[in-house]
Amino acid sequence: DTAVSQTPKYLVTQMGNDKSIKCEQNLGHDTMYWYKQDSKKFLKIMFSYNNKELIINETVPNRFSPKSPDKAHLNLHINSLELGDSAVYFCASSQAEVRGEAFFGQGTRLTVV
Amino acid sequence: GDSVTQMEGPVTLSEEAFLTINCTYTATGYPSLFWYVQYPGEGLQLLLKATKADDKGSNKGFEATYRKETTSFHLEKGSVQVSDSAVYFCALTQNTGGFKTIFGAGTRLFVKA
C-alpha cells in the first residue's frame, strides 16, 4: 500500500491554464505539506496543514491555493500557470508529535510550455 | 531564521570508499535533525534522524551524530556501494507554530564500480 500518493505523476500544460495536483496519505498523520523542488534539486516548503487547518504558508504567489477536505487529503490548485512554475511538487505527511519525520510522495513533475 | 548548509556536490567516489557529507545548521531552540535520500525519479525517504544533542542516527551503514557544540550533523558511511548513488538532503525540524522542515540544498553522490 502506498503511504503518500500523489496524482498525476507527470503534468504538461500550457501557460495560463489552471491545474490541480491531488495528494492522499493513509498513514493516519495529522500534518500534510506541499514542497516545490526546482531543477537544481532545491526543496522549499510551500504550505503545511495540521488537521485541515493551514499552519504554514510561505511566500508563495496567491495563484497557488491548497485545499484540505479532510486530514488525509491535501490538494494543490494552481491558477494561470507560468513557465517558472515548472518544477517537481512533493506532497508529504507527518505526525506532529513525532517531531517532524516526514513521509514523501513520489512527486508530480509539472512542465509549463 | 533557521537554515541548513551542506557541502556542494556532486561527490564522486569509487565503490568501497569512505563517504562524508558535511552538514551544519543554524537554529534557535532544539531542532531535530534528519538525513533524507532521494533516488532518481523518486520522492525523499528518511535515512536517519537524531532528536537531541549527542544522539547518533544510523541506518543501512550510514551514521550521523548530532553535535550541538559545532551545530553539525555530518553523514558518514565506511564503504559506499553503487546503489548508494542518490541525492542526500540534510534537514532540521522545529516547532514554530507548526512543524516546519528546512532542507539543505542537497548533495548528489555518484559511486563508480
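Convention: sequence-line order gives letters A, B, ...; per-chain numbering from 1. Keep in mind the model is a prediction, meaning the values are calculated, not measured.
Residue B:Phe18 places its CZ atom among more than 12 non-hydrogen atoms of other residues, nucleotides or ligands, all under 6.0 Å distant. Within 6.0 Å of CD in B:Glu8 there are 12 or fewer heavy atoms belonging to other residues, nucleotides or ligands. Counting non-hydrogen atoms of neighbouring residues, nucleotides and ligands closer than 6.0 angstrom, the CD atom of A:Glu53 reaches no more than 12 such neighbours.
Annotation: residues 37-48 of chain B contacts chain A through B:Gln38, B:Gly41, B:Glu42, B:Gly43, B:Leu44, B:Leu46 [non-hydrogen atoms, separation under 4.5 Å]. Against chain A, no residue from residues 61-70 of chain B qualifies, as none has a non-hydrogen atom under 4.5 angstrom away. Residues of residues 103-113 of chain A that come closer than 4.5 Å to chain B, counting heavy atoms only, are A:Phe104, A:Gly105, A:Gln106, ordered by residue number.
Side-chain heavy atoms closer than 4.5 Å link hydrophobic residues (I, L, V, M, F, W, Y) into clusters, and following such links, even through other members, never connects B:Val87 to B:Met7. The same ILVMFWY cluster, assembled from side-chain heavy atoms under 4.5 Å apart, contains both B:Leu19 and B:Val111. Hydrophobic clustering of Ile, Leu, Val, Met, Phe, Trp and Tyr side chains at less than 4.5 Å, counting indirect connections, unites B:Leu33 with B:Val4. Cluster membership check: A:Leu76 shares its hydrophobic cluster with A:Leu74, using side-chain heavy-atom separations under 4.5 Å among Ile, Leu, Val, Met, Phe, Trp and Tyr. Under a hydrophobic-cluster definition in which Ile, Leu, Val, Met, Phe, Trp and Tyr are linked whenever side-chain heavy atoms come within less than 4.5 Å, directly or via other members, A:Val60 and A:Ile21 are assigned to the same cluster.
In terms of heavy-atom proximity, A:Gln37 sits nearest to B:Phe89 at NE2-CZ, 3.4 Å.
Contacts classified as salt bridge (Lys or Arg N to Asp or Glu O under 4.0 Å) and involving residues 81-91 of chain A (residues at least two apart or in different chains) are given here: A:Arg63-A:Glu82, A:Arg63-A:Asp85.
The CZ atom of B:Arg108 sits 5.5 Å away from the NZ atom of A:Lys41 when rounded to the nearest 0.5 Å.
Heavy atoms of A:Lys40 lying under 4.5 Å from chain B belong exclusively to its backbone. Looking at A:Gln6, neither its backbone nor its side chain comes within 4.5 Å of chain B, counting heavy atoms on both sides.
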